[in-house]
Amino acid sequence: MITIDPASQGDRDNYKLLIGSVIPRPIALVTTLSSEGVLNAAPFSYFNIITASPPMISISVHRKQGVMKDTSRNAIAAGAFVVHVSDESYIRQINETAANLPPEESEVDYAGLTPVPSTKVTVPGLAEARIRMECVLEQIIPLGGTEGAPSTDLIIGRIVCFHLDESVYQNGHIDAVKLQPVSRLAGSLYAKLGEIFSIDRPQ
């Protein structure tokens, strides 16, 4: 067994261990709206559920040299954002939204995605996603880095509306096979759903 103290190596090496170990990771494609009305979209694999009462999710958005990314700034400005579950049908377009564009350019336009109005928030969603969740900003927590320059913004969103494609919604449940979710591994690697199996929980 190899033992590594994270304090003995740099951030980049710790990053490699994390993204290679914590797999597979679901990918949130997040749309936000800037104060100037530009619709931003960006994928994040540091994404998960927090609670179901009320429904909340978290997204970790890394800063660039202590400076907030568009997603964080826009989420604060609008107080809302939309999270889309990544699936096989539009994964290449999702990848395109990771392009390093200036704030005045829309990744939605760049990737050829289709904006659709939201029901309860001002931020549009994307028609290509089989599942999207309208969120209001519950909290944003700066973490890591140094006191004056955090490395990450932990965005916590409260879901105020679910949009589900009829093909994936069955009697109150999501059909994972029909959803065809895509997850993130390390580097440029992604994974499909793969084999599904069941294990009963102990009584």
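Note that the numbering runs from 1 along the sequence shown for the chain.
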Does the Glu128 side chain pair with the main chain of Ser89, one donor and one acceptor, at a distance under 3.5 Å? no
Rounded to the nearest 0.5 angstrom, the CD1-OG distance for Ile19 and Ser45 is 8.0 Å
Evaluate side-chain contact (heavy atoms from CB on, under 4.5 Å) for Asn100 paired with Lys64, printing each intermediate quantity in order. CA-CA 12 Å; Asn100 189 22; Lys64 285 188 176 179; 3.1 Å; yes
If you define the side chain from C-beta out and look only at heavy atoms, does anything of Phe47 sit under 4.5 Å from Val30? no
Can a donor-acceptor pair be found, under 3.5 Å and without considering hydrogens, that links the side chain of Glu104 to the backbone of Val38? no
Are Ser72 and Arg63 side-chain neighbours, meaning at least one heavy-atom pair lies under 4.5 Å? no
In this structure, CZ of Arg158 is separated from CD of Glu138 (nearest 0.5 Å) by 5.0 Å
Flag yes if more than 12 heavy atoms outside Asp175 fall under 6.0 Å of its CG atom; otherwise flag no. yes
Are the side chain of Asp153 and the backbone N or O of Ile155 linked by a donor-acceptor pair below 3.5 Å? no
For Ser35 and Ala77, work out which heavy atoms get closest and say how close. OG-CB, 3.7 Å
Please step through side-chain contact (heavy atoms from CB on, under 4.5 Å) for the pair Thr119 and His163, ending with a clear verdict. CA-CA 9 Å; Thr119 303; His163 297 279; 3.2 Å; yes
Taking atom CG of Asp200 as the centre, does the number of heavy atoms from other residues, nucleotides or ligands within less than 6.0 Å exceed 12? no
Would Leu179 end up clustered with Tyr169 when hydrophobic side chains under 4.5 Å apart are linked, directly or stepwise? yes
I want to check a possible cation-pi pair here: Arg132 against Phe162, using under 6.0 Å from ring centre and within 45° of the ring axis as the test. no
Using only atom types and a distance under 3.5 Å, with no angle test, would you say the side chain of Arg25 pairs donor to acceptor with the backbone of Leu185? yes
Test side-chain contact (heavy atoms from CB on, under 4.5 Å) on Gln180 and Arg130; report intermediate values, then the result. CA-CA 10 Å; Gln180 296 183 304; Arg130 292 189 177 108; 3.7 Å; yes
Output the distance between atom OH (Tyr190) and atom CD1 (Ile94), rounded to the nearest 0.5 Å. 8.0 Å
Can you name the nearest heavy-atom pair linking Ser8 to Ile4, along with the distance? OG-CG2, 4.5 Å
In Å and rounded to the nearest 0.5 Å, what is the CD1 to CD distance from Ile159 to Glu134? 10.5 Å
Shared ILVMFWY cluster between Met56 and Val136, side chains joined below 4.5 angstrom? no
Membership question, hydrophobic clusters at under 4.5 Å side-chain separation (ILVMFWY): are Val160 and Ile76 in the same one? no
Heavy-atom check, side chain of Asn74 versus side chain of Leu33, under 4.5 Å: no
With a 4.5 Å limit on heavy-atom distance, are the side chains of Leu17 and Gln9 in contact? yes
I'd like to know if the side chain of Ser118 reaches the main chain of Lys120, judged simply by a donor and an acceptor atom lying under 3.5 Å from each other, with no hydrogens or angles considered. no
Spell out, as yes or no, whether a donor-acceptor pair under 3.5 Å connects the side chain of Thr32 to the backbone of Phe81. no
Go through it in stages, so that I can follow the logic: the residues are Val85 and Met133, the test is side-chain contact (heavy atoms from CB on, under 4.5 Å), and I'd like the CA-CA distance, side-chain angles, deciding distance and then a yes or no. CA-CA 8 Å; Val85 174; Met133 298 169 274; 4.0 Å; yes
Just checking Leu143: does its CG atom have more than 12 heavy atoms from other residues, nucleotides or ligands closer to it than 6.0 angstrom? yes
For the CD atom on Gln170, are there more than 12 heavy atoms of other groups (residues, nucleotides or ligands in this structure) within a distance under 6.0 Å? yes
Less than 4.5 Å apart, any side-chain heavy atom of Glu96 and any of Leu113? no
Under 4.5 Å between side-chain heavy atoms, hopping through other hydrophobics if needed: is there a path connecting Tyr90 to Leu39? yes
Looking at every heavy atom in both Pro43 and Ile27, which two are closest together, and how far apart are they? CB-CG2, 4.0 Å
Smallest separation among heavy atoms of Val116 and Ala127, with atom names: CG1-CB, 3.6 Å
Is it true that a side-chain atom of Thr152 and a backbone atom of Ser60 form a donor plus acceptor pair closer than 3.5 Å? no
Within-4.5 Å side-chain heavy-atom neighbours: Ser58 and Leu154: yes
Testing Val83, Ile50, Ile156 for side-chain contact (heavy atoms from CB on, under 4.5 Å) with Ile57, which one passes? Val83
Heavy atoms of Ala41 and Thr31 approach each other most closely as CB-CG2, 4.1 Å
Going hydrophobic residue to hydrophobic residue with side-chain gaps under 4.5 angstrom, can you get from Ile91 over to Leu193? no
Mind listing the closest non-hydrogen atom pair of Ala78 and Val123 along with its distance? CB-CG2, 4.4 Å
Main chain of Val182, side chain of Ser86: is a donor-acceptor contact present, judged purely on distance under 3.5 Å? no
